[in-house]
Structures are given as structure tokens and as C-alpha cells.
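As C-alpha cells, the structure follows; a few thoughts come after it.
Here is the naming used below: chain letters follow the sequence lines, and residue numbers restart at 1 for every chain.
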Amino acid sequence: MGFPGSIKELRRLLDQNGMPGMEDPLWEMLADDHRIAVQELYQKLLKERQRLEELLTWEKKWGSPATLVAGVDEAGRGPLAGPVTAAAVILDVSVPIPGLNDSKQLSPVKRRELAGRIKEKAKAWAVGWASVEEIDRLNIRRASLLAMKRAVAALPVQPSILLIDGNAEIPDLDYRQQTVVGGDRASASIAAASILAKVTRDAYMEDLHWRYPCYGFDKHKGYPTREHYAAIEKYGLSPVHRKSFRREKRLEQQIF
DNA sequence: AGCTGTGAAAGTTGATCTAC
DNA sequence: GTAGATCAACTTTCACAGCT
């Protein structure tokens, strides 16, 4: 098995698709410390390839050239404010996306980078929403499923089977569905959906910050933090806060 | 010294199961 | 029937370890 000719070359291959390089006479010219560095990077590359292979287990189990698998996941279930966002992604299993992982395991910068790569390399992707009003009316669980349903409906290509993160199927949907507990850590397409949903919702909450600058939505994205509670106590609830959430009800009773 | 990554804890919700 | 525990999801915050 040959090694890539240089660290630079190896990094380029890592960035592209994680494939190992071919025999290269430059390898013999490398200094010992460079060889060690390249070998270490190469081992990391092999581990990453193995991780990505394992992440495609569900897609390979259910998918085929004629059977498209869509991963579905949502973001924004725990916040006190803002909509819940869902994404559906159909990946091309022959096109690896290095670094793809559960959105919760990634920094915001890496999430944004990966979101761009996912949109570029996926066969199809789409995003769906459920509003604060719908969350208050339906409850957060049903609203999440509604957002997922809208994401699937918005896909430009129709899948044959849905991999759903969690233990609940999407109601009133004419698709074969497979629920996967911990799916964002176990399935590549669910992981990709978790990243798109999170990045899209974060961007929306940053926009909301300009409409309601006193709450700090650009920082906590509507999630419960000390700063967020302090802002609610000081300024009251905004129209984008979820009034059905118990903590909000309690605060509302105190304030108004 | 400062940055980055990781894991535990704590916060929000709803559904389900079990014991009384 | 009800209440509590557990588990599912979504995160942030904080402390610590390791790396540059």
C-alpha cells in the first residue's frame, strides 16, 4: 500500500474525499519526521474512512440505486423561543463527506462548512418548519413531526424510505419509515439532516436578533440560559416566545 | 498562555411504563 | 386514574485535558 507523496498532498486528499494516495517517488525523499507525520495523518485518514463507512450502514441496508433513502432530523426542540426546524437529506453513498457527524458533536464553524458540502454533494435536500403558534397549538413533539413532514414534502426527489431520528414515525405520510434512536450518531443521512436543520435554524434566530435585539437570540438561539431568563424577566415575552412552555407560563404569570 | 475538544450536568418538552 | 420514573429529543454551560 502506497502513501501519498507529501503532507500537503495528503491534506489535499483528506479534504477532497479521504481516499489514500498512490505510490509516489517523493515518499523516499521525505525527511524522517515528515514521514512520521504523514503516517500519522494516514492512520487518521483510515480511521475516518472506517467511521464514514459505519455511518452508512443504515443507508446501505435499506438503499440501492433504485431505492433512495432520506434521513430526517429536527432542531430546536428545547428552546423557549423560535420555530422548530427539520431537514431531509438524500445522500449519494458513493460520495463521502469527510467530517460528517452528529451536529451536536460539531462546532458552529464546522457545522456551517459541512452544511455547504452537504448541499453540494447530496442527491437532494430540503428544510421544513413549524411556527411558534403551531408549537403552542399542537405541542412541541407534534410540531417537530409536522416540520419533518414538510421537509420530506419539499424534497425535489422522492425517496423510497425515510430514516427518522428518534422513536416516532411521521403521521399521515405515505412512505415506508424506519425510526432510529440516536440516529444522528448512527446514520450519515440523519447526521446530514441534523446539520442542515441546526444551521438553518441558527441563521433564522440570528435574523430574529435584529428584530428583538434585547433577548440575545444571536447567542443562545432561544435556548434557556441565564442571560435569556434575565432578558425575559426584564422585557417580558416577545411574540416569538413559546407560551406553552411551563417556564414561560410561570414567567408570564409573574410579569403580567 | 491560549485555543480546542470532550464529557458531564442541567435546562426544555412529550410519550410510555409501572406501581399504587 | 394518577403520579413518578424513565427514555426519547433538543441544546448550553462548565470544568478539565491536551495541544500549539
Side-chain angles (χ1 to χ4, degrees), chain A residues 7 11 33 36-37 40-41 44 47-48 51 71-88 99 101-114 127-149 151 162-171 177-187 190-191 193-206 208-209 215-233 237 240-252:
Chain A
I7 294 171
R11 284 195 186 285
D33 54 344
I36 291 166
E40 285 175 358
L41 281 167
K44 285 184 184 174
K47 279 181 74 175
E48 174 66 0
R51 191 185 68 80
V72 189
D73 193 14
E74 104 271 4
R77 199 161 156 157
L80 309 176
V84 60
T85 309
N101 207 341
D102 173 12
S103 68
K104 294 189 279 292
Q105 303 292 317
L106 300 166
S107 68
V109 173
K110 284 188 178 172
R111 265 201 302 264
R112 279 195 293 272
E113 284 175 10
L114 275 166
V127 172
W129 305 77
S131 68
V132 171
E133 292 74 24
E134 286 167 327
I135 293 167
D136 286 338
R137 181 160 48 83
L138 300 172
N139 79 35
I140 184 61
R141 186 181 166 88
R142 291 194 197 120
S144 299
L145 293 170
L146 176 62
M148 287 181 176
K149 187 178 176 181
L162 306 178
L163 293 179
I164 314 286
D165 186 40
N167 55 5
E169 291 190 2
I170 304 170
Q177 300 183 41
Q178 173 66 50
T179 57
V180 184
V181 172
D184 41 14
R185 293 180 298 279
S187 153
I190 295 178
S194 78
I195 291 167
L196 288 194
K198 173 68 176 157
V199 168
T200 305
R201 187 178 185 280
D202 281 358
Y204 179 81
M205 293 308 290
E206 280 163 22
L208 273 188
H209 171 67
Y215 295 100
F217 290 146
D218 58 327
K219 295 186 184 70
H220 51 63
K221 312 295 187 295
Y223 277 86
T225 64
R226 276 191 219 106
E227 291 74 18
H228 194 179
Y229 284 128
I232 292 172
E233 285 199 38
L237 298 177
V240 295
H241 278 92
R242 302 172 182 179
K243 295 169 187 63
S244 55
F245 278 27
R246 283 178 200 152
R247 185 70 181 248
E248 296 307 278
K249 279 180 184 168
R250 210 157 57 225
L251 283 164
E252 196 174 26

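- Minimum atom distance to the side chain of A/Tyr229 is reached by B/dG11, of the listed C/dC10, B/dG11, B/dT13.
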Atom pairs under 3.5 Å: protein N/O with N/O of nucleotides 4-8 of chain B:
unit_1 : atom_1 : unit_2   : atom_2 : d
B/dG5  : OP1    : A/Lys110 : NZ     : 3.2

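- If you measure from atom CG of A/Asp184 to atom C1' of C/dA9, you get 9 Å, rounded to the nearest angstrom.
- Judged as a salt bridge (charged side-chain N to carboxylate O under 4.0 Å, His left out), the pairs with a partner in residues 71-82 of chain A (not counting sequence neighbours) are, in order, A/Glu74-A/Arg77.
- You'll find the side chain of A/Pro171 reaches within 4.5 Å of the side chain of A/Leu145, heavy atoms only.
- Judged by distance alone, the side chain of A/Arg242 and the main-chain N or O of A/Gly82 form a donor-acceptor pair under 3.5 Å.
- The CG atom of A/Leu80 sits 13 Å away from the C1' atom of B/dA10 (whole-angstrom rounding).
- For A/Arg77 and C/dC7, the CZ to P distance is 16 Å, given to the nearest whole Å.
- Summarising the geometry, atom CG belonging to A/Asp136 is positioned 6.5 Å from atom NZ belonging to A/Lys243; distances are rounded to the nearest 0.5 Å.
- Comparing C/dT11, B/dT13, C/dC10 by their nearest atom to the side chain of A/Glu74 picks out C/dC10.
- Under the 4.5 Å side-chain criterion, counting only non-hydrogen atoms from C-beta, A/Met205 is not in contact with A/Pro79.
- When the C1' atom of C/dA9 is taken as reference, atom CG of A/Leu146 falls 17 Å away, rounded to whole Å.
- Remark: P of C/dC10 and CG of A/Asn139 are 16 Å apart, rounded to the nearest angstrom.
- Between A/Pro224 and A/Gly183, the one whose closest nucleotide on DNA chain C sits nearer the 5' end is A/Gly183.
- The side-chain contact (heavy atoms from CB on, under 4.5 Å) test with A/Glu169 is passed by exactly one of A/Ile164, A/Thr179, A/Leu162: A/Thr179.
- The interatomic distance linking A/Ile170 (CD1) with C/dA9 (P) rounds to 15 Å, in whole Å.
- The main-chain N or O of A/Tyr215 is found under 3.5 Å from a side-chain atom of A/His220 such that the two form a donor-acceptor pair.
- Listed candidates were B/dA15, C/dA9, B/dG11. Nearest to the side chain of A/Tyr223 is B/dG11.
- In this structure, A/Asp136 atom CG and B/dG14 atom C1' are separated by 15 Å, rounded to whole Å.
- Summarising the geometry, the separation between CZ on A/Arg141 and C1' on B/dT16 is reported as 9 Å, rounded to the nearest angstrom.
- Residues A/Pro79 and A/Arg142 both approach DNA chain B. Their nearest nucleotides, taken by heavy-atom distance, put A/Pro79 toward the 5′ side.
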